[in-house]
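Working notes, beginning with the structure itself.
Any value given below was found using the heavy atoms of this structure, including those in side chains, with hydrogens, waters and symmetry copies removed.
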Amino acid sequence: QVQLVESGGGLVQAGGSLRLSCAASERTFTSYAMGWFRQALGKEREFVAAISRNGGNSYYSDSVKGRFTISRDNAKNTVYLQMNSLKPEDTAVYYCAADSKYGFLRSTGTGPFDSWGQGTQVTVSS
């Protein structure tokens, strides 16, 4: 498994922006599909976005499409989530995840992702 460390969460007003970062511990990161998930209090963890190993393909949930952008810098072993036009319903703990067995998104479920970060809190005030 790869070690993942998220950063960049915080408190922001509705309409504001945040950029989350996820640093991976291994150079083999470049072979992995990477994803972002979130979990609001009392709710199940849900898919937010994912990106293929070379960054050529990205995927988004309908709830964030057009507002969030996922990207990666393989030279820095880092994946990002740029979040714009934030809404109070975006409030959640955001998790970075890696699928070490495949370089493209296999499913928007959590199952294929075998490494997870510790999460970073994002709070959007109205």
| message | Check for me, please, whether Val93 and Val12 land in the same ILVMFWY cluster - side-chain distances under 4.5 Å, paths through other members count. | response | no
| Any donor-acceptor N or O pair under 3.5 Å, side chains Tyr32, Arg53 | no
| message | Nearest 0.5 angstrom please: Thr78 OG1 to Met34 CE, how far? | response | 9.0 Å
| request: Indicate yes or no: at least one non-hydrogen side-chain atom of Phe68 is less than 4.5 angstrom from one of Val48. | output: yes
| task | With side-chain contact (heavy atoms from CB on, under 4.5 Å) as the test, would you mind laying out the steps for Met83 and Val122 before giving the verdict? | result | CA-CA 10 Å; Met83 305 185 295; Val122 171; 3.8 Å; yes
| task | Grab the two heavy atoms, one from Phe113 and one from Gly35, that are nearest each other, plus how far apart they are. | result | CE2-N, 3.7 Å
| field | From Tyr94 atom OH to Glu6 atom CD, the distance as rounded to the nearest 0.5 Å | value | 12.5 Å
| query | So, Ser25 side chain and Gln3 main chain: donor-acceptor pair closer than 3.5 Å or not? | reply | yes
| task | Assert yes or no for the condition that the ring centre distance of Trp116 to Phe37 is strictly below 6.0 Å. | result | yes
| message | Asn77 vs Glu26, test: side-chain contact (heavy atoms from CB on, under 4.5 Å). Steps then yes/no. | response | CA-CA 7 Å; Asn77 285 5; Glu26 297 182 5; 5.6 Å; no
| said: Rounded at 0.5 Å granularity, tell me how far SG in Cys96 sits from CD1 in Ile70. | reply: 8.0 Å
| For the student: nearest non-hydrogen atoms of Ser85 and Ser17, plus distance | N-OG, 4.4 Å
| remark: Value for SG (Cys22) from CH2 (Trp36), rounded to nearest 0.5 Å, stands at 5.0 Å
| Non-hydrogen atoms of Gln121 and Ala92 that approach each other most closely | NE2-O, 3.4 Å
| query | Closest approach of Ile51 and Val79, non-hydrogen atoms and distance? | reply | CG2-CG2, 4.1 Å
| message | Could you check whether atom OH of Tyr102 has more than 12 heavy atoms from other residues, nucleotides or ligands sitting under 6.0 Å from it? | response | no
| Does any N or O in the side chain of Asp114 come within less than 3.5 Å of the main-chain N or O of Ser100, such that one atom is a donor and the other an acceptor? | yes
| field | Linked, directly or transitively: Leu20 and Leu11 (ILVMFWY side chains, under 4.5 Å) | value | no
| query | Would Val2 end up clustered with Tyr80 when hydrophobic side chains under 4.5 Å apart are linked, directly or stepwise? | reply | no
| request: Measure the spacing between CD of Glu46 and OG1 of Thr110 and express it to the nearest 0.5 Å. | output: 12.0 Å
| remark: Here the gap from Leu18 atom CG to Leu81 atom CG, rounded to the nearest 0.5 Å, amounts to 9.5 Å
| message | Is there a side-chain contact between Leu41 and Lys43 in this structure, where contact means two heavy atoms from C-beta onward sitting under 4.5 Å apart? | response | no
| query | Do you know the tightest heavy-atom contact between Phe29 and Ala24? | reply | CD1-CB, 3.4 Å
| Min side-chain heavy-atom separation Ser58-Tyr60 under 4.5 Å | yes
| said: Check this for me, if you would: do Asp90 and Lys87 make a salt bridge, where the nitrogen-to-carboxylate-oxygen distance has to be below 4.0 angstrom? | reply: no
| Does the cation-pi check pass for Arg38 over Tyr95, that is, NZ or CZ under 6.0 Å from the six-membered ring centre and within 45° of its axis? | no
| field | Donor-acceptor under 3.5 Å (Thr120 side chain, Gly9 main chain) | value | yes
| request: Looking only at non-hydrogen atoms, find the nearest pair between Lys65 and Asp62 and report the distance. | output: NZ-OD1, 3.4 Å
